[in-house]
J.: 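Below are the structure tokens for one structure; questions will follow.
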Protein chains: 2
Amino acid sequence: MTAMLQIAPIANDKISARTRAPWPVLEGGKSMPADPLAAALQSIGAVLKFKRNAAVFNEGDPARHVYKVISGAIRTCRVLMDGRRQIADFYLPGDFFGLDWQSEHGFTAEAIADAVVVSYPRSQLDLIAETQIGMQRLLMSLLSKSLCATQNHVVMLGRQTAQERLAWFLLNLMERSDDNADLDLPMSRLDIADYLGLTIETVSRGISQFKRQHLIDVCGAHKVTLKKLEALEALANGESEI
Amino acid sequence: MTAMLQIAPIANDKISARTRAPWPVLEGGKSMPADPLAAALQSIGAVLKFKRNAAVFNEGDPARHVYKVISGAIRTCRVLMDGRRQIADFYLPGDFFGLDWQSEHGFTAEAIADAVVVSYPRSQLDLIAETQIGMQRLLMSLLSKSLCATQNHVVMLGRQTAQERLAWFLLNLMERSDDNADLDLPMSRLDIADYLGLTIETVSRGISQFKRQHLIDVCGAHKVTLKKLEALEALANGESEI
DNA sequence: CGCAAGTTTGACGTACATCAAGTAGTGTGG
DNA sequence: CCACACTACTTGATGTACGTCAAACTTGCG
């Protein structure tokens, strides 16, 4: 394999930061902290804003915060020396990221589109967890969900074809977007390619093929409607009829 | 991609089970419970034995236990409908597995070689965690380490070549075996292939090439000596000089 | 509007998969 | 202890899904 020079430009301009959260931030940005856990989270959260392609944190940075997406979208990725890039995950409003319960972040986190994020100091979270069982459970469940998603990613990357990967990706995104078959793809084709372990051209061709097969409708590069869910699911689950 | 009919035979014979642990089981099977955490773990652990290829649990089973390897080796895997298999991870003596803090196990766990394993009921672990901060920390750190390893697996599967994957695998195994360059590979070539997202033939050819390049020595299919660590590390880190 | 960035499409190349023999190892029973 | 069978591994010849290179097209922002 020769170098893949498809590196996204990375600007590092945090546009505003470290204002005390003026609104409750637990349930996807809704108002009213119902339970003590939400209140605790709210009290330690700081709102941050990032421009497109700005880094929230870099690989190797001390992992002192956990983050939650309020609006926009975040990607976590690693770039090899010759430019090959792998995206570990995408995070949409409501998702937590940066859950590296280690000394350092293992991946870089960047804004895919202009994003608003709340950061929670890990030291505080650990402290709360010592007394509030709810916090302990929340952290465990977040970590566990993240592990589960990453393991599914492994199966996909290790054993599925390009079309299967795409179907898997679209369906995953649908599930996270309140099961709405009209999808908004905030990320570029390059991001999708680097997430699925493919090239931008293969992703583009794959989408075109789905369009030709009437499995999806495409309306602009960032709007997709899933039309034949069953066919896509069969593909995504590797029930190969290739 | 057509069907890959390289499925390992799966016998489901647990050879002996559910005896109360007669010795302390925290630190890789050593004796003497030093701290209260080890004692707590010891008191709730049950020793289980599994024959080669026997299942510890299956994908979809309720996730009621967490396990620790005492001797032998374990693999966790998922098999797609047409026989394609992906191995999520290998577990060696001292490693914990089955850390699905969800209702069900997402993968099947099987013994690679005859194995002795200790099982800890999750309900008990949760209970202990509520009062003992140490248990909480242990569980978080285990989950986090597992997530970290899985994320590295993702990068490898998504963006590395066959030779890079092999180098990565060998070095990873070395790190987990007390950094001894004389490696014992308990798993078959098929297991390695299904872990690295390759075929058995590609793994075999890759090992032969390393041998020809004098990067490793091979003495029987399950004994490897890493000779040029730097060259292997350069490969594993994707510092491509392909 | 006009340009630059992003996307699609086509022609061609290649790393790895597949198919097919052969060659160790490993355990079993005579 | 050796013959046998069986499984695991290796090696070679060939195929193909996806990558690479290149050019046209589309989109969206200044």
Side-chain angles (χ1 to χ4, degrees), chain A residues 1-11 51-53 82-85 112-114 156-166 185-194 196-212 216 218-224 235 240 242, chain B residues 1-11 51-53 82-85 112-114 156-166 185-194 196-212 216 218-224 235 240 242:
Chain A
M1 186 186 289
T2 57
M4 239 181 283
L5 294 171
Q6 306 177 338
I7 315 173
I10 293 169
K51 278 207 271 201
R52 189 167 127 83
N53 290 328
D82 59 355
R84 283 176 285 175
R85 185 180 72 154
I112 290 172
D114 291 1
M156 185 277 288
L157 290 172
R159 288 300 180 218
Q160 301 205 221
T161 65
Q163 291 305 103
E164 288 172 343
R165 292 177 198 210
L166 263 174
L185 308 179
M187 65 292 288
S188 69
R189 295 287 186 268
L190 180 56
D191 284 333
I192 299 175
D194 286 345
L196 298 180
L198 301 170
T199 59
I200 188 171
E201 294 95 333
T202 301
V203 168
S204 187
R205 277 187 251 271
I207 289 177
S208 297
Q209 191 183 323
F210 280 162
K211 210 161 45 178
R212 257 178 276 123
I216 64 173
V218 179
C219 172
H222 297 275
K223 290 274 179 204
V224 173
L235 261 175
S240 75
I242 312 166
Chain B
M1 188 186 290
T2 56
M4 242 181 283
L5 294 171
Q6 306 179 336
I7 317 174
I10 293 169
K51 278 206 272 201
R52 189 168 126 84
N53 291 328
D82 60 356
R84 281 176 285 175
R85 185 179 72 152
I112 289 173
D114 292 359
M156 186 276 289
L157 290 171
R159 288 297 179 222
Q160 300 205 223
T161 65
Q163 290 305 101
E164 288 172 343
R165 292 178 198 210
L166 263 174
L185 309 178
M187 65 292 287
S188 68
R189 295 287 187 267
L190 179 55
D191 285 333
I192 299 174
D194 286 346
L196 298 180
L198 301 170
T199 60
I200 188 172
E201 293 96 332
T202 302
V203 168
S204 188
R205 275 187 252 272
I207 289 177
S208 297
Q209 191 184 324
F210 279 162
K211 210 164 41 178
R212 256 178 276 122
I216 64 172
V218 180
C219 172
H222 297 276
K223 290 274 178 205
V224 173
L235 262 175
S240 75
I242 311 166

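Quick note on labels: first sequence line is chain A, next is B, and so on, each numbered from 1.
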J.: B:R205: which residues meet the side chain to side chain contact (heavy atoms under 4.5 Å, CB included) condition with it, sequence neighbours left out?
T.: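 B:R205 satisfies side chain to side chain contact (heavy atoms under 4.5 Å, CB included) with B:E201 only.
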
J.: How close or far is atom C1' of D:dC18 from atom CG of A:L166, stated in whole angstroms?
T.: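 The answer, rounded to whole Å, is 13 Å.
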
J.: Which of the following nucleotides, D:dG19, C:dT8, D:dT10, is nearest to the side chain of A:L198?
T.: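 The answer is D:dG19, which lies nearest to the side chain.
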
J.: Without swapping roles, check the side chain of A:R189 against the backbone of A:A221 for a donor-acceptor pair under 3.5 Å.
T.: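 Confirmed, A:R189 side chain pairs with A:A221 backbone.
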
J.: Could you check which of D:dC18, C:dT8, D:dT20 has an atom nearest any side-chain atom of A:R189?
T.: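 Nearest to the side-chain atoms of A:R189, counting from C-beta on, is C:dT8.
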
J.: Holding to side chain to side chain donor-acceptor pair (under 3.5 Å), I want the full list of residues that pass it with B:T202, two or more places apart in sequence or in another chain.
T.: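 Side chain to side chain donor-acceptor pair (under 3.5 Å) list for B:T202, sorted by chain: B:T199.
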
J.: Rounding to a whole Å, what distance do you find between B:R159:CZ and C:dC16:P?
T.: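 It is 13 Å, rounded to the nearest whole Å.
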
J.: Let me know the distance between CG of A:D82 and C1' of D:dT20, rounded to the nearest Å.
T.: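 To the nearest whole Å, that distance equals 15 Å.
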
J.: Is the shortest distance from a Lys or Arg side-chain nitrogen in B:R84 or B:D194 to a carboxylate oxygen in the other one below 4.0 Å?
T.: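 No salt bridge links B:R84 with B:D194.
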
J.: May I ask you to say whether B:D191 pairs ionically with B:R85, meaning some side-chain N is under 4.0 Å from a carboxylate O?
T.: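 Result for this pair is yes, salt bridge flagged.
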
J.: Over how many whole Å does the gap from B:R84 atom CZ to D:dA17 atom C1' extend?
T.: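 The answer, rounded to whole Å, is 13 Å.
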
J.: If you fit an axis to the five pairs at each end of the helix from C:dC1-D:dG30 to C:dG30-D:dC1, how big is the angle between those two axes, to 10 degrees?
T.: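 It comes to 40° between the two terminal axes.
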
J.: If you restrict it to nitrogen or oxygen atoms, what contacts under 3.5 Å exist between nucleotides 9-14 of chain C and the protein, and what is each distance?
T.:
unit_1: C:dT9; atom_1: OP2; unit_2: A:S208; atom_2: OG; d: 2.3
unit_1: C:dG10; atom_1: N7; unit_2: A:R205; atom_2: NH1; d: 2.8
unit_1: C:dG10; atom_1: O6; unit_2: A:R205; atom_2: NH2; d: 3.3
unit_1: C:dA11; atom_1: N6; unit_2: A:R205; atom_2: NH2; d: 3.4

J.: Take the protein atom CG of B:L196 and the nucleotide atom P of C:dA17, then report the distance between them rounded to whole Å.
T.: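 For the pair B:L196 CG and C:dA17 P, the rounded distance is 10 Å.
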
J.: Measure from CD on B:Q163 to P on C:dC16 and round the result to the nearest Å.
T.: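 Value for this atom pair: 8 Å.
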
J.: Does the side chain of B:H222 get closer than 4.0 angstrom to OP1 or OP2 of D:dA8 through an N or O atom?
T.: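 The answer is no; no side-chain N or O of B:H222 sits under 4.0 Å from OP1 or OP2.
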
J.: Any side-chain to backbone donor/acceptor pair from B:D114 onto B:K51? Under 3.5 Å, distance only.
T.: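 Not at all, since once roles are kept as given, no pair shorter than 3.5 Å links the two residues.
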
J.: Would you check if the side chain of B:R165 reaches a backbone N or O of B:L196 as a donor-acceptor pair within less than 3.5 Å?
T.: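 Looks like yes, one N/O pair under 3.5 Å.
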
J.: Could I get the full list of side chain to side chain contact (heavy atoms under 4.5 Å, CB included) partners for B:S204, not counting sequence neighbours?
T.: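 Partners of B:S204 under the side chain to side chain contact (heavy atoms under 4.5 Å, CB included) test: none.
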
J.: A:K211: what forms a side chain to side chain donor-acceptor pair (under 3.5 Å) with it, not counting sequence neighbours?
T.: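 Testing A:K211 for side chain to side chain donor-acceptor pair (under 3.5 Å), a comparison that skips the adjacent residues, returns none.
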
J.: Return the value, rounded to whole Å, for the distance between atom CD1 of A:I192 and atom P of C:dG6.
T.: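 Nearest whole value for this atom pair: 13 Å.
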
J.: Just the rounded figure in Å: distance from P of C:dT7 to NZ of A:K223.
T.: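 That distance rounds to 15 Å.
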
J.: Under 4.0 Å between any heavy atoms, over every strand shown, what does A:G197 touch: base, sugar-phosphate, or nothing? Just pick one.
T.: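 Sugar-phosphate contact only - A:G197 comes under 4.0 Å of backbone atoms but never of a base.
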
